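Structure record follows, encoded as structure tokens.
Small disclaimer: the values here were computed from a predicted structure and weren't measured. To find a chain, count down the sequence lines: A is the first, B the second, and so on, and within it residues start at 1.
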Number of protein chains: 2
Amino acid sequence: MIDRSSTTDRVAGALREMIFAGDLAPGGPLREVTLAESFGVARSTVREALQVLTAEKLLTRLPNRGVTVTELAEHDIEEIFEARLVLESAGVRAGATGADLSPSTRALATYAEAAGGDSPLVATHAHLEFHTSLVALLGNSRLVAGADVLTADLRLVLASVERQRRNARQQVAGHRRLLTLMRAGDEAAALAELERHLVAARASVIERVGA
Amino acid sequence: MIDRSSTTDRVAGALREMIFAGDLAPGGPLREVTLAESFGVARSTVREALQVLTAEKLLTRLPNRGVTVTELAEHDIEEIFEARLVLESAGVRAGATGADLSPSTRALATYAEAAGGDSPLVATHAHLEFHTSLVALLGNSRLVAGADVLTADLRLVLASVERQRRNARQQVAGHRRLLTLMRAGDEAAALAELERHLVAARASVIERVGA
DNA sequence: CCGACAATAATTGTCGGACAATCCTGCAAT
DNA sequence: ATTGCAGGATTGTCCGACAATTATTGTCGG
């Protein structure tokens with residue numbers, strides 16, 4: 001398939017990667033002319049790309065003062081995890097009451113594989129993919145879209161933090177336990193497991209950000 | 001407060017109102033030059049406004065073919081109501097377990113007042129506001145944002161349907177019952193009441209769209 | 001009449017430049 | 001210390017242009 005994306009999309013994509021990779025200092029202003037020159041495109045194209053990312057909440061626009069990489073406070077992190085708990089709990093309920101678990105099973109397999117690899121970034125990515133796969137168990141694209149927004153927010157936080165693979169092996173085991181409980185139809189236990197995991201993850205992220 | 005909004009925002013706002021009011025035929029293309037002339041602004045400004053609304057999913061962009069008012073099928077309506085059930089159920093749980101219910105109480109009061117008035121549009125708006133207030137009981141701005149997206153989607157559907165105030169009196173009574181159950185801390189009954197209402201509303205919307 | 005195909009028109013995507021409005025900074029004056 | 005002002009930087013908006021793409025029309029052979 002030949003590349004059919006627009007210039008705006010490619011610029012937005014490049015900026016998105018830079019944001020998630022932590023190449024752009026949070027809070028630092030992104031100058032339109034500077035970006036236009038470095039990408040070799042017109043300023044109007046850069047403006048469109050910036051607006052796309054602003055709509056995704058990755059960038060924040062201050063009127064007449066430019067855009068900056070969105071900065072999230074501890075309060076935001078708590079919100080993100082609470083919101084994930086709401087959405088993923090709904091997915092787990094569906095999974096514990098008959099929904100097809102094979103997508104989550106596959107996601108866990110790739111996560112387990114990535115956890116054994118030596119790239120914390122791809123492992124984290126696979127981990128987040130597993131969590132969205134839980135929401136996807138509901139088969140509702142709008143809820144998945146909402147989960148994706150939360151995932152992007154979370155990646156924004158993680159970008160400003162040194163990545164370290166912490167006990168990925170243990171994490172995978174916990175997720176496997178969650179899937180087992182869902183297969184057994186034990187809704188209450190599955191929800192408890194999910195909440196335990198998210199609470200621990202939140203603490204871990206907040207601790208790392210605070211450091 | 002003097003008006004500090006940008007031209008782009010005002011154009012986007014005007015278009016949004018036109019969409020919700022049903023002034024723009026769904027599926028019909030919106031021509032950039034036509035809009036620029038009718039609003040008396042430059043094409044680039046129109047493009048930015050269109051991109052804002054595209055990011056909100058109110059408009060759909062077909063590459064090199066322009067934007068159209070997003071059309072939603074019956075399947076989308078079912079998704080919207082299922083997603084609302086997930087979010088509002090979480091809010092109702094919070095409400096039934098100690099959250100401050102006064103915002104929802106106020107929202108219901110304005111809805112009751114609007115239901116007595118003679119403008120179906122403001123009554124519908126107040127009704128939707130009440131439902132978002134349920135999600136707001138969680139005190140999580142991200143979940144509220146998600147609920148707002150769903151509300152906008154729903155208003156998009158309603159725009160293509162003749163508005164009729166159907167038994168608004170009865171609706172208000174049902175909502176009052178929901179609040180009472182939450183105050184009593186009867187979580188199960190409150191959730192059941194919410195689900196009953198949403199299922200009925202979904203059926204009503206689908207029936208009207210199909211007609 | 002119909003389908004294939006070429007010519008034409010309409011529209012979007014991207015570019016470059018321009019300029020007013022706004023914001024920021026430093027400095028002078030009170 | 002606060003106010004006020006000049007100057008520069010940056011954004012917001014406008015205009016015009018043109019290539020790329022899509023849609024429409026016209027033509028031709030069957």
Side-chain angles (χ1 to χ4, degrees), chain A residues 1-19 23-72 156, chain B residues 1-19 23-72 156:
Chain A
M1 179 69 92
I2 57 177
D3 187 4
R4 245 164 129 46
S5 63
S6 69
T7 306
T8 298
D9 290 341
R10 288 193 300 276
V11 171
L15 286 173
R16 206 181 348 248
E17 289 310 312
M18 292 169 71
I19 292 171
D23 295 341
L24 267 42
L30 302 185
R31 297 299 167 204
E32 295 176 354
V33 287
T34 307
L35 293 174
E37 287 167 3
S38 67
F39 282 117
V41 301
R43 187 161 78 101
S44 50
T45 304
V46 170
R47 276 182 68 85
E48 287 197 5
L50 293 179
Q51 204 179 10
V52 168
L53 298 177
T54 301
E56 295 176 12
K57 307 289 185 192
L58 295 179
L59 299 179
T60 302
R61 153 158 275 126
L62 305 173
N64 289 310
R65 292 201 287 152
V67 302
T68 67
V69 177
T70 301
E71 292 183 283
L72 297 179
L156 194 53
Chain B
M1 179 71 89
I2 57 178
D3 187 6
R4 254 174 119 43
S5 62
S6 69
T7 306
T8 298
D9 290 340
R10 288 194 299 277
V11 172
L15 285 173
R16 210 185 339 255
E17 289 310 312
M18 290 169 71
I19 292 170
D23 295 340
L24 267 42
L30 302 184
R31 296 300 168 203
E32 295 177 353
V33 286
T34 307
L35 293 175
E37 287 167 4
S38 67
F39 282 117
V41 300
R43 185 160 80 100
S44 49
T45 304
V46 169
R47 276 181 69 85
E48 287 197 6
L50 293 179
Q51 205 179 8
V52 169
L53 299 176
T54 302
E56 296 176 11
K57 308 289 185 190
L58 295 179
L59 298 180
T60 302
R61 151 158 275 126
L62 305 171
N64 290 310
R65 293 202 288 152
V67 301
T68 66
V69 178
T70 301
E71 292 183 283
L72 298 179
L156 195 53

Can you check nucleotides 15-18 of chain D for protein contacts, nitrogen or oxygen pairs under 3.5 Å, and list what you find?
from	atom 1	to	atom 2	distance (Å)
D:dA17	N6	B:Arg43	NH2	3.3

If you define the side chain from C-beta out and look only at heavy atoms, does anything of [X] sit under 4.5 Å from [Y]?
X       : Y       : answer
A:Leu59 : A:Val69 : yes
A:Leu15 : A:Leu50 : yes
B:Val11 : B:Leu35 : no

Can you check whether [X] has a side-chain N or O nearer than 4.0 Å to OP1 or OP2 of [N]?
X       : N      : result
B:Thr45 : D:dG12 : no
A:Thr8  : C:dG13 : no
B:Ser6  : D:dG12 : no
B:Arg47 : C:dT12 : no

d([atom1], [X]; [atom2], [N]) in whole Å:
X       : N      : atom1 : atom2 : result
B:Glu48 : C:dT12 : CD    : C1'   : 16 Å
B:Asn64 : C:dT11 : CG    : C1'   : 9 Å
A:Glu32 : C:dT14 : CD    : P     : 16 Å
A:Phe39 : C:dT14 : CZ    : P     : 14 Å
A:Arg65 : C:dC24 : CZ    : C1'   : 10 Å
A:Asp9  : C:dG13 : CG    : C1'   : 11 Å

Compare every heavy atom of [Y] with every heavy atom of [X], then report the nearest pair and how far apart it is.
X        : Y       : value
A:Ala49  : A:Ala12 : CB-N, 3.8 Å
B:Ser5   : B:Arg10 : O-NH1, 2.7 Å
A:Leu156 : A:Lys57 : CD2-O, 4.2 Å

*So which of residues 50-62 of chain A are in contact with DNA chain D, with a heavy-atom cut-off of under 4.0 Å?*
A:Arg61
*Counting N and O atoms only, with roles assigned by atom type, does the side chain of B:Arg47 sit under 3.5 Å from a partner on the main chain of B:Glu32, one being a donor and the other an acceptor?*
no
*State whether the side chain of A:Thr70 and the backbone N or O of A:Leu58 hold a donor-acceptor pair below 3.5 Å, judged by distance alone.*
yes
_To the nearest 0.5 Å, what is the distance between CZ on B:Arg4 and CG on A:Asn64?_
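Interatomic distance, B:Arg4 CZ to A:Asn64 CG, rounded to 0.5 Å: 7.0 Å.
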*asked:* My understanding is that a pair needs two contacts under 3.5 Å, Watson-Crick or G-U wobble. By that rule, which nucleotide pairs with D:dG30?
replied: C:dC1
_Judged by each residue's nearest nucleotide on DNA chain C, which is more toward the 5′ side, B:Arg31 or A:Pro63?_
B:Arg31
